[in-house]
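Keep in mind that this is a model prediction, so the values were computed, not measured. Note that the numbering runs from 1 along the sequence shown for the chain.
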Amino acid sequence: MTSIASWINGNGQQRSCEGMPAQIYASPPFNHAKADVILRSSDDVDFRVFRLFLSLSSSFFETLFDLPQPSEEDLTDTETKDGLPVISISEDSRTLDALLRFCYPCTLTENPSLDHFTDVIKLLEAARKYSLDQVENTIRKTLFNPAILEDNSLRCFAIARQARMREETILSARYSLRTPLVPDWFAEIEMITSTDLLALLAYHQKCGKVVQTLKLSYSWIEGHYQSRAAAPWIFGENSGCYCGCPRSTTVRLFGQSHLVWWEEFMEATFQDSEGEAVCPNCARGGRKDDRGGQAT
(Lines give C-alpha, C1' and ligand atoms only; values in the text may rest on other atoms or scores of the structure.)
Protein backbone atom coordinates (compact mmCIF):
# COMPACT_ATOMS: atom_id res chain seq x y z
CA MET A 1 0.00 0.00 0.00
CA THR A 2 1.48 3.39 -1.02
CA SER A 3 1.45 6.56 1.07
CA ILE A 4 -1.11 8.19 -1.17
CA ALA A 5 -3.60 5.35 -0.91
CA SER A 6 -6.82 6.12 0.87
CA TRP A 7 -9.43 4.19 2.73
CA ILE A 8 -12.97 4.74 3.98
CA ASN A 9 -13.45 4.58 7.72
CA GLY A 10 -16.57 3.37 9.48
CA ASN A 11 -18.20 6.82 9.20
CA GLY A 12 -17.71 6.97 5.45
CA GLN A 13 -15.08 9.73 5.64
CA GLN A 14 -12.27 9.42 3.18
CA ARG A 15 -8.83 9.38 4.77
CA SER A 16 -5.28 8.83 3.73
CA CYS A 17 -3.50 5.70 4.94
CA GLU A 18 -1.75 7.84 7.59
CA GLY A 19 -5.20 8.57 9.04
CA MET A 20 -5.29 12.23 7.92
CA PRO A 21 -8.49 13.51 6.28
CA ALA A 22 -8.37 13.43 2.49
CA GLN A 23 -9.47 16.72 0.92
CA ILE A 24 -12.28 16.75 -1.61
CA TYR A 25 -13.25 19.43 -4.09
CA ALA A 26 -16.27 21.65 -3.61
CA SER A 27 -19.20 21.64 -6.00
CA PRO A 28 -19.37 23.94 -9.06
CA PRO A 29 -18.45 26.66 -9.67
CA PHE A 30 -15.73 26.18 -7.05
CA ASN A 31 -13.95 23.33 -8.84
CA HIS A 32 -12.92 25.18 -11.98
CA ALA A 33 -9.84 23.80 -13.72
CA LYS A 34 -8.48 27.29 -14.46
CA ALA A 35 -8.75 28.60 -10.91
CA ASP A 36 -5.59 30.16 -9.49
CA VAL A 37 -5.89 29.53 -5.74
CA ILE A 38 -7.40 26.96 -3.39
CA LEU A 39 -9.27 27.83 -0.20
CA ARG A 40 -9.49 24.88 2.18
CA SER A 41 -12.33 24.85 4.70
CA SER A 42 -12.02 23.63 8.29
CA ASP A 43 -13.69 20.36 7.30
CA ASP A 44 -11.14 19.77 4.50
CA VAL A 45 -13.12 20.74 1.42
CA ASP A 46 -11.04 22.46 -1.27
CA PHE A 47 -12.53 25.39 -3.17
CA ARG A 48 -10.76 26.18 -6.44
CA VAL A 49 -11.46 29.88 -6.85
CA PHE A 50 -10.29 32.93 -8.78
CA ARG A 51 -8.34 35.60 -6.95
CA LEU A 52 -9.87 38.36 -9.06
CA PHE A 53 -13.42 37.71 -7.83
CA LEU A 54 -12.32 37.64 -4.19
CA SER A 55 -10.11 40.72 -4.53
CA LEU A 56 -12.92 42.74 -6.07
CA SER A 57 -15.27 41.76 -3.25
CA SER A 58 -12.93 42.00 -0.28
CA SER A 59 -10.15 44.39 0.69
CA PHE A 60 -8.86 41.60 2.95
CA PHE A 61 -8.30 39.22 0.04
CA GLU A 62 -7.02 42.03 -2.16
CA THR A 63 -4.29 42.76 0.39
CA LEU A 64 -3.59 39.07 0.90
CA PHE A 65 -3.11 38.37 -2.80
CA ASP A 66 -0.98 41.49 -3.26
CA LEU A 67 1.63 40.15 -0.85
CA PRO A 68 4.87 38.95 -2.46
CA GLN A 69 4.50 35.39 -3.71
CA PRO A 70 7.01 32.78 -2.49
CA SER A 71 9.89 31.88 -4.78
CA GLU A 72 10.44 28.35 -6.03
CA GLU A 73 12.98 27.81 -3.24
CA ASP A 74 10.35 28.73 -0.65
CA LEU A 75 7.60 26.57 -2.11
CA THR A 76 8.67 23.69 0.11
CA ASP A 77 7.31 25.69 3.08
CA THR A 78 4.01 26.47 1.33
CA GLU A 79 1.36 23.86 0.79
CA THR A 80 0.28 23.44 -2.81
CA LYS A 81 -2.13 21.21 -4.65
CA ASP A 82 -2.28 20.73 -8.40
CA GLY A 83 0.28 23.50 -8.65
CA LEU A 84 -1.93 26.00 -6.79
CA PRO A 85 -1.27 27.54 -3.36
CA VAL A 86 -3.57 26.30 -0.61
CA ILE A 87 -4.96 28.74 1.96
CA SER A 88 -6.59 27.17 4.99
CA ILE A 89 -9.75 28.90 6.20
CA SER A 90 -11.24 28.49 9.68
CA GLU A 91 -14.85 28.46 8.36
CA ASP A 92 -16.58 25.19 7.52
CA SER A 93 -17.49 24.29 3.94
CA ARG A 94 -21.16 25.23 4.32
CA THR A 95 -20.28 28.76 5.43
CA LEU A 96 -17.47 29.17 2.92
CA ASP A 97 -19.67 27.99 0.05
CA ALA A 98 -22.35 30.57 0.89
CA LEU A 99 -19.76 33.31 1.33
CA LEU A 100 -18.12 32.64 -2.02
CA ARG A 101 -21.44 32.58 -3.85
CA PHE A 102 -21.98 36.15 -2.72
CA CYS A 103 -18.57 37.06 -4.16
CA TYR A 104 -18.99 35.41 -7.55
CA PRO A 105 -20.81 37.12 -10.45
CA CYS A 106 -24.46 36.23 -11.01
CA THR A 107 -23.61 34.64 -14.37
CA LEU A 108 -21.77 31.87 -12.53
CA THR A 109 -23.91 31.35 -9.43
CA GLU A 110 -26.88 32.78 -7.54
CA ASN A 111 -26.76 34.24 -4.06
CA PRO A 112 -27.36 31.55 -1.44
CA SER A 113 -30.70 31.30 0.32
CA LEU A 114 -30.87 32.36 3.95
CA ASP A 115 -33.47 29.81 5.02
CA HIS A 116 -31.40 28.43 7.90
CA PHE A 117 -31.30 31.12 10.54
CA THR A 118 -28.59 29.36 12.55
CA ASP A 119 -26.24 29.62 9.57
CA VAL A 120 -26.75 33.35 9.11
CA ILE A 121 -24.71 34.31 12.17
CA LYS A 122 -21.71 32.32 10.87
CA LEU A 123 -22.07 34.01 7.50
CA LEU A 124 -22.24 37.47 9.06
CA GLU A 125 -19.17 36.80 11.17
CA ALA A 126 -17.24 35.57 8.14
CA ALA A 127 -18.32 38.58 6.05
CA ARG A 128 -17.02 40.91 8.75
CA LYS A 129 -13.83 38.93 9.22
CA TYR A 130 -12.90 39.12 5.54
CA SER A 131 -14.08 42.74 5.06
CA LEU A 132 -16.90 41.73 2.72
CA ASP A 133 -18.90 44.88 3.40
CA GLN A 134 -21.25 44.50 0.45
CA VAL A 135 -21.99 40.91 1.41
CA GLU A 136 -22.79 41.96 4.97
CA ASN A 137 -25.15 44.67 3.70
CA THR A 138 -26.85 42.20 1.38
CA ILE A 139 -27.43 39.76 4.24
CA ARG A 140 -28.86 42.54 6.39
CA LYS A 141 -31.28 43.69 3.71
CA THR A 142 -32.36 40.14 2.93
CA LEU A 143 -32.89 39.06 6.52
CA PHE A 144 -34.16 42.20 8.21
CA ASN A 145 -37.06 43.07 5.95
CA PRO A 146 -40.75 43.33 6.94
CA ALA A 147 -41.75 40.07 5.25
CA ILE A 148 -39.35 38.06 7.43
CA LEU A 149 -39.60 40.20 10.55
CA GLU A 150 -43.37 39.79 10.67
CA ASP A 151 -43.11 36.06 11.40
CA ASN A 152 -39.56 35.76 12.76
CA SER A 153 -38.98 38.87 14.87
CA LEU A 154 -37.54 37.00 17.86
CA ARG A 155 -35.24 34.90 15.70
CA CYS A 156 -34.02 38.02 13.92
CA PHE A 157 -33.54 39.73 17.29
CA ALA A 158 -31.32 36.88 18.47
CA ILE A 159 -29.21 37.01 15.31
CA ALA A 160 -28.90 40.80 15.40
CA ARG A 161 -27.97 40.81 19.08
CA GLN A 162 -25.38 38.08 18.64
CA ALA A 163 -23.85 39.96 15.70
CA ARG A 164 -23.95 43.24 17.66
CA MET A 165 -25.99 45.00 14.97
CA ARG A 166 -27.60 47.87 16.87
CA GLU A 167 -30.09 49.14 14.28
CA GLU A 168 -31.27 45.64 13.40
CA THR A 169 -31.61 44.77 17.10
CA ILE A 170 -33.88 47.77 17.68
CA LEU A 171 -35.90 47.02 14.54
CA SER A 172 -36.39 43.37 15.53
CA ALA A 173 -37.37 44.38 19.07
CA ARG A 174 -40.08 46.67 17.69
CA TYR A 175 -41.51 43.90 15.52
CA SER A 176 -41.41 41.54 18.51
CA LEU A 177 -44.03 43.72 20.22
CA ARG A 178 -46.56 41.86 18.09
CA THR A 179 -45.62 38.54 19.69
CA PRO A 180 -46.41 37.19 23.19
CA LEU A 181 -44.36 38.67 25.99
CA VAL A 182 -43.26 35.16 27.02
CA PRO A 183 -42.45 33.43 23.71
CA ASP A 184 -42.37 29.78 22.88
CA TRP A 185 -38.93 28.21 22.65
CA PHE A 186 -37.01 28.78 19.42
CA ALA A 187 -33.56 27.47 18.45
CA GLU A 188 -31.88 30.87 18.07
CA ILE A 189 -32.67 31.80 21.67
CA GLU A 190 -29.43 30.05 22.60
CA MET A 191 -27.55 32.78 20.71
CA ILE A 192 -28.47 35.43 23.28
CA THR A 193 -27.83 35.77 26.99
CA SER A 194 -30.39 35.90 29.75
CA THR A 195 -29.53 39.60 30.07
CA ASP A 196 -30.53 40.18 26.43
CA LEU A 197 -33.83 38.35 26.92
CA LEU A 198 -34.54 40.22 30.15
CA ALA A 199 -33.89 43.53 28.38
CA LEU A 200 -36.36 42.56 25.64
CA LEU A 201 -39.04 41.63 28.19
CA ALA A 202 -38.47 44.93 30.01
CA TYR A 203 -38.83 46.74 26.68
CA HIS A 204 -42.18 45.00 26.08
CA GLN A 205 -43.44 46.07 29.51
CA LYS A 206 -42.21 49.64 29.07
CA CYS A 207 -43.97 49.98 25.71
CA GLY A 208 -47.14 48.53 27.22
CA LYS A 209 -47.12 51.17 29.96
CA VAL A 210 -46.60 53.95 27.43
CA VAL A 211 -49.60 52.73 25.42
CA GLN A 212 -51.73 52.78 28.57
CA THR A 213 -51.15 56.52 28.95
CA LEU A 214 -52.99 57.03 25.65
CA LYS A 215 -56.11 55.69 27.35
CA LEU A 216 -56.30 58.74 29.61
CA SER A 217 -57.11 61.07 26.73
CA TYR A 218 -58.20 60.57 23.14
CA SER A 219 -56.81 63.93 22.03
CA TRP A 220 -54.29 62.04 19.88
CA ILE A 221 -57.20 60.62 17.84
CA GLU A 222 -58.70 64.09 17.45
CA GLY A 223 -55.31 65.38 16.35
CA HIS A 224 -55.11 62.68 13.71
CA TYR A 225 -58.61 63.05 12.23
CA GLN A 226 -59.02 66.81 12.90
CA SER A 227 -62.82 66.55 12.69
CA ARG A 228 -65.57 64.02 13.30
CA ALA A 229 -66.41 64.11 9.59
CA ALA A 230 -63.11 62.32 8.88
CA ALA A 231 -64.15 59.33 11.06
CA PRO A 232 -67.92 58.95 10.67
CA TRP A 233 -67.92 55.22 11.48
CA ILE A 234 -66.99 56.03 15.08
CA PHE A 235 -70.25 57.94 15.46
CA GLY A 236 -72.46 55.70 13.31
CA GLU A 237 -72.82 58.21 10.51
CA ASN A 238 -73.19 57.30 6.84
CA SER A 239 -73.98 59.96 4.25
CA GLY A 240 -75.80 62.08 6.79
CA CYS A 241 -77.78 59.18 8.22
CA TYR A 242 -77.24 57.56 11.62
CA CYS A 243 -77.26 53.83 12.23
CA GLY A 244 -79.20 52.23 15.04
CA CYS A 245 -76.15 50.94 16.93
CA PRO A 246 -76.08 51.63 20.69
CA ARG A 247 -74.31 54.82 21.68
CA SER A 248 -72.05 55.34 24.63
CA THR A 249 -73.01 57.72 27.40
CA THR A 250 -69.40 58.84 27.56
CA VAL A 251 -68.35 61.81 25.46
CA ARG A 252 -64.74 61.29 24.40
CA LEU A 253 -64.33 62.66 20.85
CA PHE A 254 -65.19 66.02 19.35
CA GLY A 255 -67.84 66.63 22.01
CA GLN A 256 -70.02 63.84 20.63
CA SER A 257 -71.14 60.41 21.80
CA HIS A 258 -69.48 57.57 19.95
CA LEU A 259 -70.74 54.04 19.36
CA VAL A 260 -70.50 51.38 22.07
CA TRP A 261 -68.74 48.87 19.79
CA TRP A 262 -65.92 51.34 19.17
CA GLU A 263 -65.52 51.99 22.89
CA GLU A 264 -65.38 48.23 23.56
CA PHE A 265 -62.88 47.80 20.73
CA MET A 266 -60.58 50.46 22.19
CA GLU A 267 -60.86 48.97 25.66
CA ALA A 268 -59.95 45.51 24.38
CA THR A 269 -57.00 46.99 22.48
CA PHE A 270 -55.60 48.61 25.60
CA GLN A 271 -56.06 45.41 27.59
CA ASP A 272 -54.08 43.47 24.97
CA SER A 273 -51.23 45.98 25.19
CA GLU A 274 -50.83 45.85 28.95
CA GLY A 275 -47.86 43.51 28.48
CA GLU A 276 -48.34 41.31 31.52
CA ALA A 277 -45.93 38.35 31.41
CA VAL A 278 -47.96 35.19 31.75
CA CYS A 279 -46.88 31.60 31.27
CA PRO A 280 -48.83 30.13 28.29
CA ASN A 281 -49.88 27.14 30.43
CA CYS A 282 -51.16 29.45 33.16
CA ALA A 283 -53.00 31.53 30.60
CA ARG A 284 -54.82 28.44 29.33
CA GLY A 285 -55.56 26.98 32.76
CA GLY A 286 -56.45 30.20 34.50
CA ARG A 287 -54.46 32.35 36.92
CA LYS A 288 -55.07 34.18 40.12
CA ASP A 289 -56.39 37.70 39.85
CA ASP A 290 -55.21 40.67 41.90
CA ARG A 291 -57.56 39.75 44.76
CA GLY A 292 -56.17 36.24 45.05
CA GLY A 293 -59.16 34.56 43.42
CA GLN A 294 -58.96 32.12 40.54
CA ALA A 295 -59.54 33.79 37.18
CA THR A 296 -60.99 31.57 34.47
Decide yes or no for L132 and C103: does some side-chain heavy atom of the first lie under 4.5 Å from some side-chain heavy atom of the second?
yes

Under 3.5 Å, side chain of S93 to main-chain N/O of V45, donor-acceptor pair present?
no

Yes or no on salt bridge (charged side-chain N to carboxylate O under 4.0 Å, His left out) for E167 and R140, after CA distance, side-chain angles and deciding distance?
CA-CA 10 Å; E167 293 183 3; R140 289 189 180 197; 5.6 Å; no

Nearest heavy-atom contact between L123 and T95 is CD1-O, 3.8 Å

How are the rings of W220 and Y218 set to each other: parallel, tilted or perpendicular (split at 30° and 60°)?
perpendicular

Can you see which heavy atom on K81 is nearest to which on I38, and at what distance?
O-CD1, 3.6 Å

Would a hydrophobic clustering, with Ile, Leu, Val, Met, Phe, Trp and Tyr connected at side-chain separations under 4.5 Å, put L99 with L56?
no

Of all heavy-atom pairs linking A98 and P112, the shortest is O-CG, 3.5 Å

Before giving the answer on side chain to side chain contact (heavy atoms under 4.5 Å, CB included), spell out for Y225 and L253 the whole-Å C-alpha distance, their side-chain angles and the decisive distance to 0.1 Å.
CA-CA 10 Å; Y225 288 110; L253 291 173; over 6 Å; no

In terms of heavy-atom contacts, F144 and L149 come closest through C-CD1, 3.9 Å

Can you find a heavy atom in the side chain of N152 that is under 4.5 Å from one in the side chain of E188?
no

Is the F47 ring parallel, tilted or perpendicular to the F30 ring (thresholds 30°, 60°)?
tilted

Of all the heavy-atom pairs spanning P146 and Y175, show the shortest one and how long it is.
CB-OH, 3.6 Å

Taking the side chain as everything from C-beta on, heavy atoms only, tell me whether F61 gets closer than 4.5 Å to I87.
no

What is the minimum heavy-atom distance between K34 and F50, and which atoms define it?
O-CE2, 3.2 Å

Can you find a heavy atom in the side chain of Y104 that is under 4.5 Å from one in the side chain of P29?
yes

Go through the steps to decide whether S55 and D66 satisfy the test side chain to side chain contact (heavy atoms under 4.5 Å, CB included), and finish with yes or no.
CA-CA 9 Å; S55 297; D66 281 345; over 6 Å; no

Decide yes or no for T138 and V135: does some side-chain heavy atom of the first lie under 4.5 Å from some side-chain heavy atom of the second?
no

